[in-house]
Q: 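Structure below; questions to follow.
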Number of protein chains: 2
Amino acid sequence: MANTEDTIAVRISKELADRIISGSIEPGSRLRQDHVAEEFGTSHVPVREAFRRLEAQGLAISEPRRGVRVAAFDLGEVREVAEMRAALEVLALRHAAPHLTPAILDEAEEATKAGDKSRDVRSWEEANRTFHRLILAPCNMPRLLSTIDDLHAASARFLFAAWRSEWETRTDQDHRAILSALRQGNTESAAATLGRHVQWIGQKPVKTASGKTRDAFAIVG
Amino acid sequence: MANTEDTIAVRISKELADRIISGSIEPGSRLRQDHVAEEFGTSHVPVREAFRRLEAQGLAISEPRRGVRVAAFDLGEVREVAEMRAALEVLALRHAAPHLTPAILDEAEEATKAGDKSRDVRSWEEANRTFHRLILAPCNMPRLLSTIDDLHAASARFLFAAWRSEWETRTDQDHRAILSALRQGNTESAAATLGRHVQWIGQKPVKTASGKTRDAFAIVG
DNA sequence: AATGCAGAAATTATCTATAATTTCAACCAG
DNA sequence: CTGGTTGAAATTATAGATAATTTCTGCATT
């Protein structure tokens with residue numbers, strides 16, 4: 001999937017983003033340009049450019065002369081991202097609604113079913129993101145959509161951090177309610193449900209390294 | 001103002017951002033890394049990193065192997081930014097309101113007065129931005145605030161493109177209404193006014209290069 | 001044991017050089 | 001004239017080398 005027409009810097013940033021989101025690189029850990037460069041068999045110049053992209057997406061933070069590290073996050077940031085998504089996805093849906101076709105809504109329903117059948121977080125997340133993208137894309141607002149995309153990446157990171165291995169299949173009633181409202185042309189009701197849906201924050205006890213359990217939080221919509 | 005502790009790449013990106021926003025570089029024109037490097041007396045490596053930053057802010061767009069150009073914009077994008085600002089600034093204000101002190105509101109009132117007295121776009125824009133930042137910053141949501149900052153940069157660009165030289169002094173009633181509502185603890189009313197305020201799009205006839213007049217649009221709040 | 005301080009090692013930031021690609025203009029064929 | 005082709009010039013993307021800064025490590029001191 002990594003398009004060979006992409007520049008090396010883009011390929012590296014995509015790969016690193018994927019690792020950060022999936023949690024295979026720990027929050028707070030340092031990203032060393034020479035190590036990354038060696039791994040990808042390149043010089044460090046494209047690596048530095050990849051770091052700037054990650055920084056812009058909020059996945060890494062860089063301090064001058066002290067390097068780049070994977071962004072840490074806490075409950076506050078989970079909430080912040082949830083609220084931003086609620087505000088922006090509602091906005092996007094209001095503009096997308098007039099352009100939604102039955103075909104798109106059918107596709108979105110397929111995505112919902114795929115999500116309900118998912119037996120692991122990763123495929124659930126993918127189905128969920130597909131659903132949201134399908135119903136929002138027709139708003140035709142590129143800047144808004146790309147901001148929402150970055151927020152989805154952050155959401156996925158929170159989700160994987162909390163539900164890394166265990167995942168319970170669950171059926172998504174919100175998605176169905178949104179689709180049904182959209183089919184009836186009731187945009188406001190769909191938007192209201194979407195806003196609530198995205199702000200719902202799941203909670204789950206998780207074992208820490210020291211053997212204790214603490215609560216982990218994630219956006220589950 | 002350009003901190004010497006900043007990296008060269010950051011200094012370059014700030015300077016270029018300023019030029020793009022002020023309109024001293026035309027939308028659509030190419031940014032050539034060697035030329036910029038020569039002007040700043042550096043090599044092109046930090047220039048490339050600066051380009052990535054501009055790209056992330058939406059001020060430039062880059063196509064692989066074909067270089068970077070200053071982002072063009074149209075009425076659609078002005079509207080898009082206005083709506084995003086409305087959604088996000090309202091969200092920020094709701095969270096900031098409980099933390100607003102009389103001292104902050106007094107400062108914001110000073111900024112409003114400074115805006116009303118401004119005899120040129122540039123100082124009006126600065127006062128306006130100060131006002132918005134003052135009342136939103138206490139929300140304590142860094143990601144939200146930085147997204148809003150990028151949107152303000154885009155707004156300023158639209159504004160300068162439309163009102164480059166001429167500017168009529170005007171008193172900002174909305175700002176006063178927002179402050180008065182906040183002083184009375186009426187957050188919802190303040191938020192509603194802010195949402196409307198930011199979505200108001202000014203219109204002005206402007207002479208094109210070919211001598212004709214067309215309408216230019218900008219967010220004026 | 002804790003603290004502080006070299007000096008060494010690692011790392012970042014930048015520069016110079018090279019390879020690969022695109023752009024552009026001149027030219028030629030239809 | 002139009003449209004395409006070719007080669008030179010310009011430009012981007014990457015690599016390899018260097019300077020500057022930070023971090024680490026071990027040892028001495030309290």
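What's counted below: heavy atoms across the whole structure, side chains too, no hydrogens, waters or symmetry copies. In what follows, chains are A, B, ... by sequence order, proteins preceding strands, each numbered from 1.
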Q: State which residues pass ring-ring contact (aromatic ring centres under 6.0 Å, His included) with A:Phe131; sequence neighbours excluded, sorted by chain then number.
A: A:His175
Q: I'd like to check the side-chain contact (heavy atoms from CB on, under 4.5 Å) partners of A:Asp215; sequence neighbours left out, ordered by chain and number.
A: A:Gln203, A:Pro205, A:Phe217
Q: Among pairs that include at least one residue of residues 47-63 of chain A, which meet salt bridge (charged side-chain N to carboxylate O under 4.0 Å, His left out), considering only residues two or more places apart or in two chains?
A: A:Arg48-B:Glu49, A:Glu49-B:Arg48, A:Glu49-B:Arg52, A:Arg52-A:Glu55, A:Arg52-B:Glu49, A:Glu55-B:Arg53
Q: Rounding to 10°, can you tell me the angle the first-five-pair axis of the helix from C:dA1-D:dT30 to C:dG30-D:dC1 makes with its last-five-pair axis?
A: 20°
Q: Identify each atom pair where a protein N or O and an N or O of nucleotides 10-14 of chain D are less than 3.5 Å apart, giving names and distance.
A:
| from | atom 1 | to | atom 2 | distance (Å) |
| --- | --- | --- | --- | --- |
| D:dT11 | OP1 | B:Arg32 | NH1 | 3.2 |
| D:dT11 | OP2 | B:His35 | NE2 | 3.3 |
| D:dT12 | OP2 | B:Gln33 | N | 3.3 |
| D:dA13 | OP1 | B:Arg65 | N | 2.7 |
| D:dA13 | OP2 | B:Arg48 | NH1 | 2.5 |
| D:dA13 | OP2 | B:Arg48 | NH2 | 3.2 |
| D:dA13 | O3' | A:Thr7 | OG1 | 3.4 |
| D:dT14 | OP1 | A:Thr7 | OG1 | 3.2 |
| D:dT14 | OP1 | A:Ile8 | N | 2.7 |
| D:dT14 | OP2 | A:Thr7 | OG1 | 3.1 |
| D:dT14 | O4 | B:His44 | NE2 | 2.7 |

Q: Would you please name every residue forming a side-chain contact (heavy atoms from CB on, under 4.5 Å) with B:Trp167, sequence neighbours left out?
A: B:Val121, B:Trp124, B:Trp163, B:Arg170
Q: Holding to ring-ring contact (aromatic ring centres under 6.0 Å, His included), I want the full list of residues that pass it with A:His152, two or more places apart in sequence or in another chain.
A: A:His132
Q: For B:Thr213, enumerate each residue passing the side-chain contact (heavy atoms from CB on, under 4.5 Å) test, keeping only those at least two apart in sequence or located in another chain.
A: B:Lys207
Q: Could you pull out all residues at least two apart from B:Asp34 that satisfy side-chain hydrogen bond (donor to acceptor under 3.5 Å, both in side chains)?
A: none
